[in-house]
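Here the structure is laid out as structure tokens; the discussion comes afterwards.
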Amino acid sequence: VNLSLEQYDPNNGKFALSTGLNNPTGHGWVIVQNPFDTPRNLILSYLATGPPPSIYPKTEITVHPEGNEGTITHQTVLDPVTYDYEHKVHIVLTTKIGLISPG
């Protein structure tokens with residue numbers, strides 16, 4: 001993992017995974033292993049705000065087999081904004097990214 005756990009709200013003890021304040025490219029990676037014998041869904045939860053614009057950036061998620069960056073199995077962009085409320089909200093959204101093979 002080349003992400004860091006950063007405290008973004010010290011008053012309430014809240015943390016988030018971040019590419020790091022000193023990372024000018026904003027790129028990061030996480031290795032996800034599926035210990036089961038069958039493929040399993042990769043599901044991510046993330047903070048979002050609404051109505052637009054969001055205070056969080058859009059995030060591109062790319063999934064590929066470890067050691068084979070040239071093969072992309074899933075790719076999506078998470079847009080951390082909700083249109084479901086007329087008043088300001090700060091919520092958690094959850095999105096299915098795709099299937100992760102065993103191993």
Side-chain angles (χ1 to χ4, degrees):
V1 175
N2 74 336
L3 301 176
S4 61
L5 189 62
E6 292 186 12
Q7 188 171 22
Y8 67 91
D9 185 348
N11 294 330
N12 294 306
K14 295 181 181 180
F15 294 81
L17 283 177
S18 172
T19 58
L21 297 174
N22 297 322
N23 183 348
T25 64
H27 292 99
W29 51 265
V30 174
I31 295 174
V32 178
Q33 293 181 320
N34 174 2
F36 300 100
D37 294 333
T38 57
R40 298 295 168 118
N41 288 320
L42 173 62
I43 299 171
L44 296 179
S45 294
Y46 50 97
L47 294 173
T49 59
S54 179
I55 63 170
Y56 301 110
K58 290 182 181 180
T59 302
E60 181 179 355
I61 305 295
T62 303
V63 179
H64 58 82
E66 186 177 6
N68 188 357
E69 294 183 22
T71 301
I72 295 175
T73 57
H74 305 285
Q75 191 168 28
T76 190
V77 174
L78 301 178
D79 187 4
V81 66
T82 180
Y83 300 90
D84 296 334
Y85 304 88
E86 293 181 14
H87 58 281
K88 289 187 177 185
V89 294
H90 202 156
I91 63 171
V92 174
L93 295 179
T94 300
T95 300
K96 177 184 170 185
I97 304 302
L99 288 174
I100 299 294
S101 297

Out of curiosity, [X] [atom1] to [Y] [atom2], how far, rounded to the nearest 0.5 Å?
X	Y	atom1	atom2	result
Asn41	Lys96	CG	NZ	4.0 Å
Thr76	Lys58	OG1	NZ	11.0 Å
Leu42	Thr95	CG	OG1	10.5 Å
Ile91	Ser45	CD1	OG	11.0 Å

Do Tyr46 and Thr59 pass the side-chain contact (heavy atoms from CB on, under 4.5 Å) test, and can you show the C-alpha distance, the side-chain angles, and the key distance before you say yes or no?
CA-CA 10 Å; Tyr46 50 97; Thr59 302; over 6 Å; no
Same hydrophobic cluster for [X] and [Y], using side-chain heavy-atom links shorter than 4.5 Å among ILVMFWY?
X	Y	result
Phe36	Ile43	no
Val81	Ile97	no
Ile61	Val30	yes

Between [X] and [Y], what is the shortest heavy-atom contact and its length?
X	Y	result
His64	Ile72	CB-CA, 4.2 Å
Thr82	Pro52	O-CD, 4.2 Å
Leu93	Asp79	CD1-O, 4.3 Å

Tyr85: which residues meet the side chain to side chain donor-acceptor pair (under 3.5 Å) condition with it, sequence neighbours left out?
none
Heavy-atom donor-acceptor pair, [X] side chain to [Y] backbone, under 3.5 Å:
X	Y	result
Thr73	Val63	yes
His74	Leu99	yes
Ser54	Pro80	yes

For the residue pair Lys88 and Thr49, establish whether any side-chain heavy-atom pair is separated by less than 4.5 Å.
no
Using a cut-off of 6.0 Å, state whether more than 12 heavy atoms not belonging to Asp37 lie near its atom CG.
no
